[in-house]
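All residue numbers in this chain count up from 1 along the given sequence. The structure presented is a predicted model; accordingly, all values stated were derived computationally and were not measured.
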Amino acid sequence: MISKPIGILFLHGYTGGRYELEPLFDYLKSRYDFEYEFPVYPGHGTILDLKASTGDQWYAEALDAYHALKQRVDRVHIIGFSMGGVFASHIAQHEPVEKLVLIAPAFEHIKLSQLNRLNLTPRHFSEHMKMKLYQKIKKRIKDIPFRAYQEFKTIVETKKDGVEHIPSRTLIIHGKLDLLVPYESSVELAKKIPDATLDLIEDAPHLFAFIDRNQLELNIAAERFLFKE
């Protein structure tokens, strides 16, 4: 009997799209044969239209993609970035998932009043300026209605509990320069998931999955975990 290939479900973040994980997808696909699903949540993608879509619809899109993939393969891995990491964790509690890669999973979010928790130095802020992160997101901010932000907070609160019941082998990767999701939340997450490994990247921001300077480190870590361990 010919075995089916493995499948990888790629789940992007809030207000994002496939581009957030495409560098990692391209890297893995150039080296390995696997089936995949790469959904884009309603209202997301390169052009945002978040006025009508809901958090439940975003999660449903992710879950539907999981079921579509599971029909074609014997084993499923999930790679989830930010909000997609929360979705991946919730799916793994209820469906068969062999391995999870959670990239800066958004189990918490940082308010401006909490930046002091990060103990950032002037060098940290200068590094952000060099990476021009604000330029990458400022055009999208105007397309995010307040209701959509409330949907984000609600769906994360709904899906973030129960991680202690995840049976999957899990790799959590988080940058210590993250100004959106505190890396300490991933430190705590790694303690709760029974079979979790934490990899903290010293100079990586939240969006490091598609920033050149950090892509290679992420690519190699994910490759080693998914295909060589």
Side-chain angles (χ1 to χ4, degrees), residues 2-13 16-40 61-107 163 165-175 178 181 183 186-187 189-202 204 206-229:
I2 300 176
S3 62
K4 298 179 183 178
I6 67 168
I8 303 180
L9 173 60
F10 293 82
L11 298 177
H12 67 78
R18 292 191 182 101
Y19 64 87
E20 293 178 322
L21 291 173
E22 273 181 344
L24 176 57
F25 169 83
D26 291 341
Y27 177 87
L28 295 176
K29 197 61 176 168
S30 69
R31 287 162 171 76
Y32 303 95
D33 180 30
F34 58 86
E35 292 286 318
Y36 67 91
E37 288 286 335
F38 210 153
V40 176
E61 189 75 22
L63 185 59
D64 287 348
Y66 168 87
H67 288 306
L69 183 61
K70 188 66 176 69
Q71 290 179 354
R72 309 197 305 270
V73 300
D74 293 323
R75 297 176 294 151
V76 174
H77 304 329
I78 306 181
I79 298 175
F81 168 66
S82 197
M83 183 178 74
V86 179
F87 288 176
S89 301
H90 193 76
I91 291 172
Q93 295 175 42
H94 304 283
E95 305 288 349
V97 175
E98 184 170 292
K99 292 181 180 181
L100 282 177
V101 178
L102 307 179
I103 304 168
F107 283 83
V163 295
H165 302 301
I166 294 175
S168 315
R169 287 193 60 204
T170 303
L171 173 64
I172 305 167
I173 307 174
H174 209 131
D178 196 326
V181 177
Y183 77 85
S186 283
V187 173
L189 181 66
K191 296 175 184 178
K192 296 176 182 178
I193 298 176
D195 192 3
T197 301
L198 176 64
D199 184 359
L200 295 177
I201 301 179
E202 191 68 30
H206 186 67
L207 304 177
F208 72 94
F210 63 103
I211 292 176
D212 291 341
R213 60 181 289 172
N214 301 117
Q215 281 175 15
L216 183 59
E217 189 170 354
L218 170 63
N219 293 349
I220 292 173
E223 176 186 23
R224 184 184 301 118
F225 178 71
L226 293 176
F227 293 99
K228 297 183 177 181
E229 292 183 1

(message) Evaluate Leu200 against Val187 for side chain to side chain contact (heavy atoms under 4.5 Å, CB included), listing each step before the verdict.
(response) CA-CA 9 Å; Leu200 295 177; Val187 173; 4.3 Å; yes
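- Note that CZ of Arg224 is 11.5 Å distant from CG of Asn219, once rounded to the nearest 0.5 Å.
- The shortest heavy-atom contact between Glu37 and Ala68 is OE2-CB, 4.0 Å.
- Screening Gln71, Arg72, His67 for a side chain to side chain contact (heavy atoms under 4.5 Å, CB included) involving Leu69 leaves a single residue, Arg72.
- Taking the six-membered ring where the residue is Trp, the centroids of His12 and Phe87 are separated by 6.0 Å or more.
- With hydrogens and angles ignored, the 3.5 Å screen pairs no side-chain donor or acceptor of Ser89 with any backbone N or O of Val163.
- Taking both residues in full, the closest heavy atoms of Tyr27 and Glu223 are given as OH-OE1, 2.7 Å, listed atom of the first, atom of the second, then distance.
- Here the CG-CD distance, from Asp74 to Glu35, works out to 11.0 Å after rounding to the nearest 0.5 Å.
- The side chain to side chain contact (heavy atoms under 4.5 Å, CB included) test with Ile79 is passed by exactly one of Leu100, Leu171, Ile173, Leu28: Leu28.
- Classified by interplanar angle (parallel below 30°, tilted 30° to 60°, perpendicular above 60°), the ring pair Phe38/Phe10 is parallel.
- In this pair, Phe227 and Tyr32 present their aromatic rings parallel. The plane angle is below 30°, not in the 30 to 60° band.
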(request) Would you sort out whether Phe208 and Ile103 count as a side chain to side chain contact (heavy atoms under 4.5 Å, CB included), showing the intermediate values? (result) CA-CA 9 Å; Phe208 72 94; Ile103 304 168; 3.5 Å; yes
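- What you find for Ala196 and Ala190 is that their closest heavy atoms are CB-O, 3.8 Å.
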(request) Evaluate the criterion side chain to side chain contact (heavy atoms under 4.5 Å, CB included) for residue pair Ile8 and Phe25; output intermediate values, then yes/no. (result) CA-CA 9 Å; Ile8 303 180; Phe25 169 83; over 6 Å; no
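- Note that CZ of Arg169 and OG1 of Thr197 are 6.5 Å apart. Values are rounded to the nearest 0.5 Å.
- If you take CD1 on Ile172 and CZ on Phe225, they are separated by 9.5 Å, rounding to the nearest 0.5 Å.
- Considering only heavy atoms from C-beta on, Ile6 stays 4.5 Å or farther from Leu226 through its side chain.
- Using a 4.5 Å heavy-atom cutoff, the side chains of His77 and Val101 are not in contact.
- Under the 3.5 Å distance criterion, the side-chain polar atoms of Glu20 are matched with a main-chain donor or acceptor of Gly13.
- Heavy-atom minimum distance, Ala88 versus Ile78: CB-CG2, 3.4 Å.
- The two residues Ala104 and Phe81 come nearest to each other via the heavy atoms CB-CE1, 4.3 Å.
- For the pair His206 (side chain) and Ser82 (backbone), a donor-acceptor distance under 3.5 Å is absent.
- Atom NZ of Lys29 has more than 12 heavy atoms from other residues, nucleotides or ligands within 6.0 Å.
- Across all their heavy atoms, Pro39 and Leu9 have their closest contact at CD-CD1, 3.8 Å.
- His90 contributes atom NE2, which lies 8.5 Å from atom CG of Leu63 (distance to the nearest 0.5 angstrom).
- In this structure, NE2 on His165 lies 11.5 Å from NZ on Lys192, to the nearest 0.5 angstrom.
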